[in-house]
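Working notes, structure below.
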Amino acid sequence: KQEVTQIPAALSVPEGENLVLNCSFTDSAIYNLQWFRQDPGKGLTSLLLIQSSQREQTSGRLNASLDKSSGRSTLYIAASQPGDSATYLCAVRVTGYALNFGKGTSLLVTP
Amino acid sequence: GAGVSQSPSNKVTEKGKDVELRCDPISGHTALYWYRQSLGQGLEFLIYFQGNSAPDKSGLPSDRFSAERTGGSVSTLTIQRTQQEDSAVYLCASSLMGQGLLRGQPQHFGDGTRLSIL
């Protein structure tokens with residue numbers, strides 16, 4: 001069974017810092033990996049999707065990398081802002097159609 | 001619509017009652033997914049629809065849970081004889097396709113239904 005782990009579970013940084021969120025998975029035979037953001041009481045907002053054949057994806061201040069062989073992905077957030085405060089979830093798609101989620105990293109960016 | 005729409009946003013009911021949760025996916029999305037998010041458990045997959053058929057029901061936790069989709073659009077998740085452990089946020093997602101080479105399509109989520117069983 002695919003296990004997805006996110007480290008750290010919580011992170012607090014001052015505004016303006018660059019930061020890295022980590023995601024690891026046990027089964028390297030994935031179709032893709034998706035990073036989401038979840039605000040309190042809200043659903044999930046898709047941030048980036050990396051196909052298994054890709055190494056990284058970028059959107060604005062966000063950059064996600066994928067190393068399938070080592071079972072790792074990182075989400076890099078540049079020049080963090082208070083509005084980035086949320087829970088960030090990593091999910092992988094293996095066989096079948098379901099996403100396997102990590103438990104998330106709760107990020108707080110302080111002014 | 002512009003995004004995945006779920007209703008109701010909140011539902012409080014007594015143990016033993018039946019509940020229906022509704023999901024309206026993004027227009028044109030043929031694949032639809034139900035997930036459950038419980039405190040401390042993270043997100044778990046419940047069921048997947050491609051069109052009106054459900055090729056993967058592997059995540060449904062018991063036979064009290066059922067789901068249907070009609071017209072390739074709206075889906076309803078029904079929980080019969082609710083128990084307190086059913087309390088959770090139920091999230092619906094949709095994507096363009098779910099099979100073969102197009103399994104790589106991103107899933108887009110609604111805001112969920114927060115279900116509380118008293």
Side-chain angles (χ1 to χ4, degrees), chain A residues 1-7 9-10 23-27 29-55 57 59 62 64 66 68 73 75 86-106, chain B residues 2-7 9-10 21 23-26 29-51 53-60 89-114:
Chain A
K1 182 180 184 289
Q2 177 75 266
E3 299 287 341
V4 182
T5 304
Q6 291 188 246
I7 294 173
C23 172
S24 61
F25 47 95
T26 54
D27 185 346
I30 65 170
Y31 281 95
N32 59 48
L33 183 145
Q34 200 167 352
W35 282 95
F36 295 90
R37 141 180 201 146
Q38 186 173 32
D39 294 284
K42 295 290 186 180
L44 278 63
T45 300
S46 179
L47 297 173
L48 291 164
L49 179 141
I50 311 176
Q51 303 291 356
S52 61
S53 58
Q54 296 175 324
R55 286 285 195 152
Q57 283 287 331
S59 176
L62 304 180
L66 174 64
K68 236 179 39 162
S73 175
L75 179 66
T87 296
Y88 290 80
L89 293 158
C90 163
V92 297
R93 191 172 221 177
V94 192
T95 57
Y97 311 99
L99 290 176
N100 293 79
F101 283 86
K103 294 194 175 178
T105 293
S106 177
Chain B
V4 177
S5 177
Q6 291 188 246
S7 61
S9 55
N10 286 283
L21 312 180
C23 172
D24 197 348
I26 292 172
H29 281 192
T30 57
L32 185 146
Y33 314 80
W34 284 98
Y35 292 85
R36 178 167 73 172
Q37 188 173 32
S38 306
L39 197 61
Q41 296 293 323
L43 271 142
E44 57 177 328
F45 167 78
L46 298 178
I47 189 170
Y48 155 74
F49 286 92
Q50 179 60 38
S53 64
D56 190 350
K57 303 180 183 180
S58 61
L60 293 178
V89 177
Y90 289 81
L91 290 161
C92 176
S94 69
S95 68
L96 277 172
M97 290 283 285
Q99 299 184 47
L101 294 176
L102 296 180
R103 276 188 191 179
Q105 297 299 315
Q107 295 185 20
H108 300 272
F109 282 75
D111 282 345
T113 293
R114 185 174 300 275

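The chains referred to below are lettered A, B, ... by the order of the sequence lines, with proteins before strands, and numbering in each begins at 1.
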Worksheet entry | Side chain / backbone / both / neither for L91(B) at chain A, heavy atoms under 4.5 Å |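 Just the side chain, heavy atoms under 4.5 Å.
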Practice prompt. Determine yes or no for a side-chain-to-main-chain donor-acceptor pair under 3.5 angstrom, with Y33(B) supplying the side chain and L99(A) the backbone.
Written response: no
Response to the item:
Shortest non-hydrogen pair, A98(A) vs F45(B), comes out as CB-CG, 3.2 Å
Worksheet entry | Residues that E3(A) engages under side chain to side chain donor-acceptor pair (under 3.5 Å), provided they are two or more places apart | none
Worksheet entry | Pairwise distance CG(L44(A)) to NE2(H108(B)) - rounded to 0.5 angstrom |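 So the CG of L44(A) and the NE2 of H108(B) are separated by 12.0 Å.
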Fill in: Spacing of R93(A) atom CZ and S95(B) atom OG [to the nearest 0.5 Å]
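The distance works out to 5.5 Å.
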Discussion item. Would you say that more than 12 heavy atoms from the other residues, nucleotides or ligands in this model lie under 6.0 Å from the NZ of K68(A), or not?
Written reply: yes
Worksheet entry | Winner by heavy-atom pair count (cut-off under 4.5 Å) against chain A, out of E44(B), R114(B), Q37(B) |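 Of E44(B), R114(B), Q37(B), Q37(B) has the most heavy-atom pairs under 4.5 Å with chain A.
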